[in-house]
Amino acid sequence: MNARLNRPLKVFFCVALLLALGGLLLMWILHTATTQRSGELKLEGLNGPVSVYYDAWGVPHIDAQTEHDAYLALGYVHAQDRLFQMDLLRRIGGGRLSELFGVESFATDRFFRTLGISRYARQYAERLEQQADSPHAQLIHAYQDGINQYIDHGGRPLEYRLLMTKPDYFSTEDIANTMGYMAYSFAEAFKTDALVDTIRGTLGERHYRDLVPSWPDQLPPVRSSGQPYIELLTPMLEQISQVEQTLPVGQFLGSNAWVVNAARSASGAPLFANDPHIGFAAPAVWYEAHLRTPDSEVYGHFLAGIPFPLLGQTRHHAWGLTMLMNDDVDFYRERVNPDDPEQVWAVDRWQKLNMHEEVIKIRGQEDRLIRTRSSRHGPIINDLPGSLEREPVSLFWSFLDPENDSASAFYGFTRATSLDEFQAAAALHSAPGLNLVYADVDDNIAMWAIGKLKRWPQSSNGFSLLNGGSGRDDFLGYQPFDTNPRIINPREGVIFSTNNPYPENNPRRKLPGYYAPTDRAQRLQELLNREEPFDLSDFKAFQLDDQRPLALSMIADAMPLLDPQQLPARLQTTGSEALALLAAWDGHYRRDSQAASIFQRWQDALSEALFADELGPRYSYFRNTFMAEKTLASLYWKPTSPWWDNREQPSLDGRQAAISHAWQNALQGLIKDLGSDPQQWQWSRLATLQHQHALAERLPFGEYLNSQPVAVDGGNETLNNMAFDRGTGYYQIKAGPSTRRLIDLSDLNSSLGINPLGQAGNPLDSHAQDQAEMFNEGRYRTQLFDWLSIRALPDHLVLQPD
């Protein structure tokens, strides 16, 4: 009897003991991953003590006696909060994800190795070793020393515990690998050029001429290296599609920035605004930090693994970035020697391709050796499995220029004390192409196109395959920086950039590129075109604006064609109600708007009606490019285009039939997904934002590392840009404002900003998501610049020399 009674008790105590041990293990894991924000730590290599004050949002304010100490401290505290994110960014560009995630990442690693980023990174590290005495090289090493000391002596982030692994040390190559991934995600040509060439080869010149890869009034040139060569870039297109579905961090997709001078400002000093558009992820992309030494000070937004802020402000000036969208990528069709497949024609002789062997380490499996090739133009981009029989296509990419050292430019931005010094630093940037927007306390406002721009027109504006053997399309060098487009102190006192071209009246020549659709540029120009002076409350409203002028013009034109009586009887009542909502719409993508849902579904259906029958399976690659959005906006007003012909259903030929049929399809889809009452078709039911963690789909219960899905205002190409992919019934917001910054140069203590999630990378840290609700509701927080207030902060970490 007693034995029977004791058995359940034994089981109970065993279970309790296991739970207690599990709880202790969890507490230990959490404790070892915690960011230390107060107390004292010792770091090797410091010349003196460094004070790090953490504000209410977890932003470190670093006070040091030398720049070396400030950047060493930055490396340590940055790693405390974001080590796993740093690790991922360097691994993507360097083709080393398989070391963490195993064979599932092998195809991604092979693709990035094929791009040649890792070879460039090795060259970059060697070059910096030869410049070891340069200030930016010394600070890169100090920053990485701080990261590596955290790896040695700090806690281990939760992600490494879950993966049962640990990080390796950071080296100079890793900065180049991180920059390489950023440059790749800026380069729209990787997707666009392959599609343009395929369309030209399969559909012909009439369809080709109606494409708009560039700004809508800049159609691609009718310049060819011979007959279009179909399918040569298809392996790359397929690979990019697969890779981008599995990338563990967000991509860089666009941006807004604008400035006004003192005469246009209510405060009597320039006002500055910037919100770069980058893929949402957990943690958020930017890390804020404030560094001060006796001779320098900067409040910056830092990319994981890069020691200098890409966005920032000093007591003299503020700067921000948008994507230039220039064409810094060209693809060359190489002519192979029929007697030797390892030789290609080079103007007047056969030239041997270079062979590169690299080892990809794969977790849980043997290392794999891959072989890639390169021509005089650059890496062979279509050397992928199943494609070796194809004619090789080589990649020319400005980022791979051996002289590319953009870190020196970013460092220069922090040290400049005048517009001329800042411009001199801007000239050091090579790639990717950026718009650098600037304002200072001396009432200067400016914007420069920075990056090395190819000589035009010989090697620029190549929207399709170029001839690799003739020599007439060969790279002819770069323009001097002095000829890059720029705007400095314009008479109207306003400068803005929304990934649009420089104005036609700019004295520099027109720059070919893959510019964003016109929506944001049109709307921002309208908002900035007023006589009354601006203040930061105006700029807040502009950053949060969610109206699409294009949508209103399309709806106004389409209304007569959307007759409910032409719909099937079962749709007529719903169609009438939906049409009434559209007629009353103000064009805003607010979360409670039904008309935004209706327009978006109709526009998606219209895009499919225009392009899907001609493109077939390639439509899935095409529909989410800037080119698709711009071409649709252009063709909508061009009823004679051959794209309106329907190859699969001739009865639906023509613009009017396509518009009506798309309307019917949109209604049917909305009824299926949201019910038959249009009053219930709120945008919040279709579009949601969830910040995804890199391990969410790689570990059991990994989805708990994601943020909760929330409704947001904004849509594709509204100023409050909430970008999503087409082709699904529900829209998962994939990218948008990665930070919102507002600065009044009359009082830096009034600077405002917001992070989409929070500072901390540890999902269980109190600062991991403490800004998310504010961001979703369009609120801002102050960016502390006043050291009296900073020194009064309760969280004070002292770093002492060891």
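Here the structure is a predicted model, which is why all the values come from computation and not from measurement.
- Residues T718 and N720 bring no donor and acceptor atom of their side chains to less than 3.5 Å of each other.
- F252 and Y181 have perpendicular rings, their planes meeting at more than 60° on a 0 to 90° scale where under 30° would count as parallel.
- Put simply, CG on N435 and CG on N499 are 7.5 Å apart, with the number rounded to the nearest 0.5 Å.
- Under the 4.0 Å criterion applied to side-chain N and carboxylate O atoms, E244 and K734 are not assigned as salt-bridge partners.
- Q708 CD: 12 or fewer foreign heavy atoms inside a 6.0 Å radius.
- At a cut-off of 3.5 Å, with distance as the only test, a side-chain donor of S641 or D210 sits close to an acceptor on the other residue.
- No hydrogens or angles considered: a donor-acceptor pair under 3.5 Å links the side chains of D193 and Y514.
- Note: F280 and H691 have perpendicular aromatic rings, judged against thresholds of 30 and 60 degrees for the angle between ring planes.
- We find that D770 and R781 are not joined by a salt bridge, their nearest charged nitrogen and carboxylate oxygen being 4.0 Å or further apart.
- Residues Q783 and Q313 bring a donor and an acceptor atom of their side chains to less than 3.5 Å of each other.
- Checking Q668 against R601 by side-chain atom types alone, no donor-acceptor pair falls below 3.5 Å.
- Using a cutoff of 4.0 Å between basic side-chain nitrogens and carboxylate oxygens, R548 and E629 are scored as salt-bridged.
- The aromatic rings of Y589 and F599 stand perpendicular to each other, their planes meeting at an angle above 60°, with 30° marking the opposite boundary.
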Could you go through the ring pair (Phe, Tyr, Trp, His ring centres under 6.0 Å) check for F190 and Y184 one step at a time?
-> CA-CA 8 Å; F190 279 109; Y184 160 77; 5.2 Å; yes

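- Using a cut-off of 4.0 Å between Lys/Arg side-chain N and Asp/Glu carboxylate O, R591 and E777 are scored as salt-bridged.
- When T739, N776, I754 are each tested for a side-chain contact (heavy atoms from CB on, under 4.5 Å) with Q771, only one passes: I754.
- Under 3.5 Å, the side chains of H693 and N706 contain no donor-acceptor pair of N or O atoms.
- More than 12 heavy-atom neighbours from other residues, nucleotides or ligands sit within 6.0 angstrom of CZ on R530.
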Please lay out, stage by stage, how D744 and S750 fare under the test side-chain hydrogen bond (donor to acceptor under 3.5 Å, both in side chains).
-> CA-CA 7 Å; D744 185 337; S750 67; 5.0 Å; no

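- Using a 30° and 60° split on the angle between ring planes, H301 and W286 fall in the perpendicular class, above 60°.
- When the ring-ring contact (aromatic ring centres under 6.0 Å, His included) test is applied to Y621, no partner is found at least two apart in sequence or on another chain.
- Looking at residues two or more places apart in sequence or on another chain, you find a side chain to side chain donor-acceptor pair (under 3.5 Å) between E526 and R523.
- The ring-ring contact (aromatic ring centres under 6.0 Å, His included) check on H277 picks up nothing, with sequence neighbours excluded.
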Show your reasoning for whether side-chain contact (heavy atoms from CB on, under 4.5 Å) applies to L203 and W643.
-> CA-CA 10 Å; L203 300 177; W643 287 98; 3.6 Å; yes

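- Electrostatic pairing of D557 and R655 counts as a salt bridge here, judged by a charged N lying under 4.0 Å from a carboxylate O.
- The cationic atom of R740 (NZ for Lys, CZ for Arg) lies less than 6.0 Å from the six-membered ring centre of F775 and within 45° of the ring axis.
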